[in-house]
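Each residue takes its place number in the sequence, starting with 1.
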Amino acid sequence: MLKLIVYTDGSCINNPGPGGCAAILKINSKEIIFKAGYYYTTNNRMELMAIILPLNFILRYINFDFFLNVFTDSNYLYSGINNWIYLWRLNFWRNSNNKFIKNIDLWIIIYNRIIFFKNKIKWNLIKSHNKNFYNDKCDEIAFLSAKNPNRNDL
C-alpha cells in the first residue's frame, strides 16, 4: 500500500480579495506542489481548493492501493469534513436553517472525492504558524499565489 501525505493551506489578501491555495503531496521521497492564484475569492474557498487540487491528481494518477494523511490548519475544512459534510449531503446541501451552504460547489467536489476514496483518507488538524515545515511552506506558496493571481473564481 502506498502511503501519501498532503499538507494544504489557503490564503486571501483581504477577504474577499485576491487569494491563493497550495498543497504539497508527498509520495515516498518525492514532493509535488500544487498552487493556484485567484483574482477575487475568499479565504474559505482557498482552503477548500487547496485540498481539491491534490485529490484531483490522486484520482487521475494514483490507480493502486493507497492511504492518504491530510494535514490542514483550516478549522473550516476539518470541521466540515468531520462534522457536517454527510449531514449537508443528506439535507440536499442545506444547513440547519434550510439555507444552501456556502461554497456548495467546492463541498460537492470534496464529497465526491472522499466517497470515491472510501476509507482511504485520514484528516488531521494542525496548528498554523507552529513551525511545521510543510504547513509553513504551503502558507508561503499560497500567499505568493494570492499576490500573483492568474485565475477567476467568484
Side-chain angles (χ1 to χ4, degrees), residues 4-27 30-62 66 68-89 91-95 97 99-117 120-154:
L4 309 174
I5 299 171
V6 70
Y7 288 84
T8 69
D9 203 7
S11 179
C12 211
I13 302 169
N14 298 321
N15 195 19
C21 60
I24 300 171
L25 174 63
K26 294 180 63 168
I27 306 172
K30 290 190 169 197
E31 294 176 9
I32 301 171
I33 296 174
F34 301 89
K35 62 183 179 176
Y38 295 85
Y39 295 109
Y40 189 79
T41 190
T42 66
N43 190 67
N44 283 343
R45 288 186 67 79
M46 293 299 90
E47 295 290 0
L48 299 180
M49 282 301 300
I51 189 58
I52 289 172
L53 296 174
L55 289 179
N56 285 345
F57 176 86
I58 292 166
L59 180 66
R60 186 168 181 182
Y61 295 107
I62 308 293
F66 69 89
L68 173 63
N69 258 306
V70 175
F71 293 90
T72 180
D73 63 8
S74 169
N75 284 308
Y76 179 64
L77 173 62
Y78 183 81
S79 179
I81 292 294
N82 287 294
N83 300 323
W84 303 109
I85 197 164
Y86 298 106
L87 292 172
W88 289 333
R89 174 62 184 94
N91 200 30
F92 303 100
W93 300 104
R94 294 175 185 270
N95 61 23
N97 295 327
K99 305 268 189 210
F100 283 110
I101 63 168
K102 292 182 179 179
N103 304 311
I104 188 172
D105 56 331
L106 301 181
W107 281 114
I108 289 171
I109 292 169
I110 292 169
Y111 175 82
N112 288 331
R113 297 300 175 267
I114 63 177
I115 290 300
F116 183 80
F117 294 145
K120 295 183 176 197
I121 304 174
K122 180 179 180 204
W123 299 89
N124 302 279
L125 182 63
I126 57 176
K127 192 171 183 177
S128 63
H129 309 290
N130 202 30
K131 297 184 180 166
N132 178 301
F133 176 79
Y134 288 102
N135 180 253
D136 290 345
K137 191 171 177 180
C138 281
D139 182 67
E140 180 181 327
I141 295 167
F143 181 74
L144 289 174
S145 296
K147 289 184 77 167
N148 298 291
N150 60 0
R151 299 180 184 192
N152 292 315
D153 183 22
L154 298 174

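Thr41 and Pro18 make their closest contact through CG2-C, 4.5 Å (heavy atoms, listed as atom of the first residue, atom of the second, distance). The shortest heavy-atom contact between Ala36 and Ser145 is O-CB, 3.4 Å. A pairwise comparison of heavy atoms in Tyr39 and Asn150 identifies OH-CA, 3.5 Å as the closest pair.
Contact check for Tyr38 versus Met49: side-chain heavy atoms found under the 4.5 Å cut-off. Annotation: side chain of Thr42 is in contact with side chain of Arg45 (closest heavy-atom distance under 4.5 Å).
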For this session: Output, in order, the C-alpha distance, side-chain angles, deciding distance and verdict of salt bridge (Lys or Arg N to Asp or Glu O under 4.0 Å) for Glu140 and Lys35.
Result: CA-CA 11 Å; Glu140 180 181 327; Lys35 62 183 179 176; over 6 Å; no

For this session: Show your working on side-chain contact (heavy atoms from CB on, under 4.5 Å) between Thr72 and Ile126 and close with a plain yes or no.
Result: CA-CA 6 Å; Thr72 180; Ile126 57 176; 6.0 Å; no

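Lys120 NZ: more than 12 foreign heavy atoms inside a 6.0 Å radius. More than 12 heavy atoms of other residues, nucleotides or ligands shown are found within 6.0 angstrom of OH on Tyr86. The 12-atom threshold is exceeded at CZ of Phe71, counting heavy atoms of other residues, nucleotides or ligands nearer than 6.0 Å.
With no hydrogens or angles considered, a side-chain donor-acceptor pair links Asn83 and Ser79 at under 3.5 Å. Asn103 and Asn44 share no donor-acceptor pair across their side chains, judged by distance under 3.5 Å alone. Side chains of Asp73 and Asn135: a donor-acceptor N/O pair is present below 3.5 angstrom, by distance only.
Judged purely by atom type and a 3.5 angstrom limit, Glu47 has no side-chain atom pairing as donor or acceptor with the backbone of Leu77. Using a distance-only test at 3.5 Å, with no hydrogens or angles considered, a donor-acceptor pair links the side chain of Asn132 to the main chain of Tyr134. Judged by distance alone, with hydrogens and angles left aside, the side-chain atoms of Asn124 form a donor-acceptor pair with the main-chain N or O of Val70 at under 3.5 Å. For the pair Asp9 (side chain) and Ala22 (backbone), a donor-acceptor distance under 3.5 Å is absent. The main-chain N or O of Asn97 is found under 3.5 Å from a side-chain atom of Asn95 such that the two form a donor-acceptor pair. No donor-acceptor pair under 3.5 Å is formed between the side chain of Asn91 and the backbone N or O of Leu87.
For the atom pair Ile109 CD1 and Ile104 CD1, the distance stands at 11.5 Å (nearest 0.5 Å). How far CD1 of Ile32 is from CD1 of Ile24: 11.5 Å, rounded to the nearest 0.5 Å.
Under the 30°/60° scheme for interplanar angles, the aromatic rings of Trp88 and Trp84 are found to lie parallel.
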